[in-house]
There are 2 protein chains.
Amino acid sequence: MATTTAAARRDQARRDYDAYLAACPSRMLLDRISDKWVSLVMVALGEGTLRYSELSRQVAGVSQKMLTQTLRSLERDGLVERRVTASVPVRVDYSLTPLGNSLRELMYGVKLWAESHMEEVFVARERYDER
Amino acid sequence: MATTTAAARRDQARRDYDAYLAACPSRMLLDRISDKWVSLVMVALGEGTLRYSELSRQVAGVSQKMLTQTLRSLERDGLVERRVTASVPVRVDYSLTPLGNSLRELMYGVKLWAESHMEEVFVARERYDER
DNA sequence: CTGGATCCTCCATGATACTG
DNA sequence: CAGTATCATGGAGGATCCAG
């Protein structure tokens, strides 16, 4: 397969799927990844492989349940790889797949944006509230 | 003000705010914009100014309540501008601010990603489910 | 046409306890 | 250590009605 084939397939996909339509699968996918835990987990894993416990520390405030749930859905969608090392105690490592990493780059940009533009948002809020 | 000043301020902000911390304002901002309605509305407005009714059609499936609520929060955060034309019936136009547009570009990338990589995600899901 | 106000429902999420 | 199972609940979000 030439590399153009993959690109062509993506172009086709862009024509087939329209995230504006509520029933469209891509819309559901967008809904899924437009999730705070997803973005935080993805960005965290961008820094390399992490164990479950490392992740829960890195992503402060996430409950066990939500972390596990988020990781499962990411694994199912092929964005995250889960590798179990059978030892005592057991060790589980999570890392991004190539597909996951391609999304992570975009999400990292969003996280950076949020951290970079807080001040402007604060100013806007004050102006809005004093009105 | 030189352009470097704005850049320097952003660098400083990146050091001050860490979205991993649950209590950090930037984390709250990230939570806010990691929302399906936010991303869909932002991307829709990227194509230009839209009236309220046009938006509700463009973003299929959104309820009046959520659309209004989303627009209010975006307006408050300085991402969206709301312009009212006093006529009968009244006409309200929404458009992105420069700040909003800077975020929209990132979100558009995410939307495109979702539409482009559906197939790969589907394949991954099947493989995961048949296991 | 563009919402504001209300009511109501259900689901996402958190807390807790337990286990291989 | 890395979860699973269960229960409880707050709040997101939908439906409806009304108004400028």
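So you know, we letter chains A, B, ... as the sequences are listed, proteins then strands, and number each from 1.
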Select from A:D35 and B:R91 the residue whose nearest nucleotide in DNA chain C is closer to the 5' end of that strand.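 The residue closer to the strand's 5' end, by nearest nucleotide, is B:R91.
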
Round to the nearest Å and state the distance from [X] atom [atom1] to [N] atom [atom2].
| X | N | atom1 | atom2 | value |
| --- | --- | --- | --- | --- |
| B:D31 | C:dA12 | CG | P | 17 Å |
| A:Q69 | D:dT6 | CD | P | 15 Å |
| B:Y52 | D:dA19 | OH | P | 18 Å |
| B:L50 | C:dC1 | CG | C1' | 15 Å |
| B:L55 | C:dT2 | CG | P | 9 Å |

Within the structure shown, what part of the strands sits under 4.0 Å from B:V92 by heavy-atom distance: base, sugar-phosphate, or nothing?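 It contacts sugar-phosphate atoms only.
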
Axis-to-axis angle between the two ends of the helix from C:dC1-D:dG20 to C:dG20-D:dC1 (five base pairs per end, rounded to 10 degrees):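 Comparing the first five pairs with the last five, the axes sit 60° apart.
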
Heavy-atom pair of closest approach, residues [X] and [Y]:
| X | Y | value |
| --- | --- | --- |
| A:T85 | A:V90 | O-CG2, 3.5 Å |
| B:M42 | B:G100 | CE-O, 3.2 Å |
| B:R51 | B:E54 | N-OE1, 2.7 Å |

Six-ring centre of A:Y108, A:R104 cation under 6.0 angstrom, axis tolerance 45°: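 Yes - A:R104 lies over the ring of A:Y108, closer than 6.0 Å to its centre and within 45° of its axis.
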
Are any non-hydrogen side-chain atoms of B:D77 and A:R125 less than 4.5 angstrom apart?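 Side-chain contact under 4.5 Å: yes.
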
For B:R27, which residues count as a side-chain hydrogen bond (donor to acceptor under 3.5 Å, both in side chains) partner, sequence neighbours excluded?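 B:R27: no side-chain hydrogen bond (donor to acceptor under 3.5 Å, both in side chains) contacts found.
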
So, B:D129 and B:R131, do they make that salt bridge, N to O below 4.0 Å?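 No, no charged N to carboxylate O under 4.0 Å.
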
Do any side-chain nitrogens or oxygens of B:Y94 fall under 4.0 Å of OP1 or OP2 in C:dC1?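 No, because none of the side-chain N or O atoms of B:Y94 sits under 4.0 Å from OP1 or OP2 of C:dC1.
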
Side-chain N or O of A:R51 less than 4.0 angstrom from OP1 or OP2 on D:dA2?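 Yes, such a contact exists.
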
Is it possible for you to say whether B:V59 and A:L21 belong to one hydrophobic cluster, with membership spreading through side-chain heavy-atom contacts below 4.5 Å?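 Linked, B:V59 and A:L21 end up in one cluster.
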
Does one hydrophobic cluster hold both B:M28 and A:V121, with members joined at side-chain heavy-atom distances below 4.5 Å?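 In one cluster: no.
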
Near-strand residues of residues 56-68 of chain A, defined as heavy-atom separation under 4.0 angstrom from DNA chain C: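 Those residues whose heavy atoms fall under 4.0 Å from DNA chain C, taken from residues 56-68 of chain A in numerical order, are A:S63, A:Q64, A:K65, A:M66.
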
Return the residues of residues 71-88 of chain B meeting this criterion: a heavy atom under 4.0 Å from some atom of DNA chain C. Order them by number, or give none.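 Contacting residues: B:R72, B:R82.
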
With sequence neighbours left out, write down each residue that passes side-chain contact (heavy atoms from CB on, under 4.5 Å) with A:T70, or none if nothing qualifies.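 So A:T70 forms a side-chain contact (heavy atoms from CB on, under 4.5 Å) with A:W37, A:V38, A:V41, A:L74.
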
Test salt bridge (Lys or Arg N to Asp or Glu O under 4.0 Å) applied to B:R82 - qualifying residues, sequence neighbours left out: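 For B:R82, no residue satisfies salt bridge (Lys or Arg N to Asp or Glu O under 4.0 Å) once neighbours in sequence are set aside.
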
Closest to the A:P89 side chain, choosing from D:dC1, C:dC1, C:dG3: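 Looking only at side-chain atoms, A:P89 lies closest to D:dC1.
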
